[in-house]
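What follows is a set of notes on a single structure, which appears directly below.
One-based numbering, in listed order, for ligands and for the atoms of each.
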Amino acid sequence: MTATRPQPRPGVLKIDAYVPGKSTAPGVAKVFKLSSNETPLGPSPKAIAAYQEVGTHLQDYPDGSASDLREAIGRAFGLDPDRIVCGAGSDDLLNLLARAYLADGDEAIHTTHGFLVYPIATLGTGAKPVVAPEKDYTADVDEILERVTPKTKVVFLANPNNPTGTYVPFDEVKRLHKGLPPHVLFVIDAAYAEYVRRNDYEAGIELVATNENVVMTRTFSKIHGLAALRLGWMYGPAHVIDAINRIRGPFNVNAPAIAAGIAAIEDSAHQERSREHNTKWLAWLSEEIGKLGLKVTPSVANFVLIHFPQEKGRTAKDADAFLIRRGLVLRRVGAYKLPNALRMSVGTEEANRLAVKALAEFLGK
Ligand SMILES: Cc1ncc(COP(=O)(O)O)c(C=O)c1O
């Protein structure tokens, strides 16, 4: 039968559109947005100044290859700038990778509570998302490897993962890579890498440097505090960079983002302050919320996953409503198959203390 109107490819209509975290609490004077893993310290003042400077010549197209930014990233991490490509957020890069490496009938693996952009990007290409179960809210290498078939073209691993905050130690990441056939692209999404303080963690640079089928994506939205500008980058083998450069928008990264990104990556003191703040308050929140009798999944990122009981009046949904009335906006994570949990970003000291106090009140403690 001939369609009476244009039809998107079938996979598109299987997508549940991404719903970002709420940012408002109606009727509350002071709102603490703890729903999107933004940094409570904001960006480097140098990044704000660089952004503002670009405002005086908005008529100019940006440098389409973001050369200065790629060089600044290269200097910061000791990487070859030719093996870096920048994107409008790492979301852009994850979607470009899916577009370049997936087609109808292919499969891409991600884990049960993995970042939602993976199935969205996969379905958009006509490929099928394959879900590998996790253990203790953590990606499991054997479960992923068991699901590799001749149709598998991409494996997405968020390390650390959002919304669980858990990570896969480097030895395990290497074992996963070793088990993959060479034609499978292994995408390591290290959006929260800067926050991790574990000796057995590595963001993925070494694996990318020494293999032809591994890429690592990074973002300026988290520790650098530039989420509004939409800026991410990817490090990969030359042939993957070449493929992405062919399909990305010619000016996919805007000029204010390039300028602010350079200033941010060079301000290591600001990054260190943000990391220190996070380390301190992540530990505090995990402990204090745990003391209230709620289970908190051990996190190495800038947020915690809090599990609620299923009894009436005590559920995650009830807690969300209670907290919102106090201006505390957390993230419902039902879409991540976690209907009984809320994700809370590490906030300012004020927000963190208020959240723990409010949770205690909610539980009648
Ligand atoms: C695991 C993970 N990857 C990627 C992103 C995308 O970040 P952005 O597109 O802002 O760079 C996020 C944002 O929440 C994330 O949690």
Side-chain angles (χ1 to χ4, degrees), residues 17-23 33-39 42-43 47 66 69 73 84-98 108 110-122 124 129 134 137-139 154-168 173 186-196 201 203-204 215-235 244 248-249 252-254 256-258 260-261 264-265 278 297 299-305 329-333 335-336 338 343-346:
Y18 186 87
V19 181
K22 291 191 288 278
S23 53
K33 186 180 174 211
L34 304 167
S35 58
S36 299
N37 300 341
E38 294 145 345
T39 169
L69 175 60
I73 296 168
I84 293 171
V85 63
C86 297
S90 46
D91 282 352
D92 183 27
L93 296 164
L94 294 166
N95 277 288
L96 288 168
L97 286 164
H110 68 94
T111 65
T112 310
H113 308 298
F115 185 44
L116 275 179
V117 165
Y118 312 147
I120 292 175
T122 300
E134 300 185 4
Y137 302 103
T138 309
V154 175
V155 170
F156 290 107
L157 178 73
N159 201 26
N161 183 50
N162 166 25
T164 54
T166 56
Y167 76 107
V168 180
V173 176
F186 182 22
V187 178
I188 304 176
D189 173 354
Y192 300 93
E194 292 87 350
Y195 289 113
V196 186
Y201 174 80
V215 299
M216 171 191 71
T217 57
R218 303 287 285 257
T219 182
F220 281 84
S221 301
K222 306 301 170 184
I223 203 157
H224 298 292
L226 297 175
L229 290 180
R230 313 304 305 127
L231 183 61
W233 60 280
M234 179 182 102
Y235 175 52
I244 299 306
R248 70 176 172 85
N252 63 330
V253 178
N254 67 72
I258 292 175
I265 205 98
N278 192 67
T297 300
S299 169
V300 295
N302 68 337
F303 52 87
V304 284
L305 186 68
V329 185
L330 274 64
R331 179 66 180 261
R332 297 285 305 276
V333 280
Y336 284 95
L338 295 162
R343 190 192 69 196
M344 175 185 166
S345 309
V346 173

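For Tyr192 and Phe303, the gap between ring centers is short of 6.0 Å.
Side-chain contact annotation: Thr111 with Glu134, donor-acceptor N/O pair under 3.5 Å present. Side-chain polar atoms of Arg331 and Asn37 form no donor-acceptor pair below 3.5 angstrom.
Aromatic ring pairs are classed by plane angle as parallel below 30°, tilted from 30° to 60° and perpendicular above 60°; the pair Phe115 and Tyr336 is parallel.
With Thr122 contributing its side chain and Pro129 its backbone, the two residues share no donor-acceptor pair below 3.5 Å.
One finds a salt bridge joining Arg230 and Asp91 here, because a Lys/Arg side-chain nitrogen approaches an Asp/Glu carboxylate oxygen to under 4.0 Å.
The protein residues lying under 4.0 angstrom from ligand 1, judged by non-hydrogen atoms, are Gly89, Ser90, Asp91, Phe115, Asn162, Asp189, Ala191, Tyr192, Thr219, Ser221, Lys222, Arg230.
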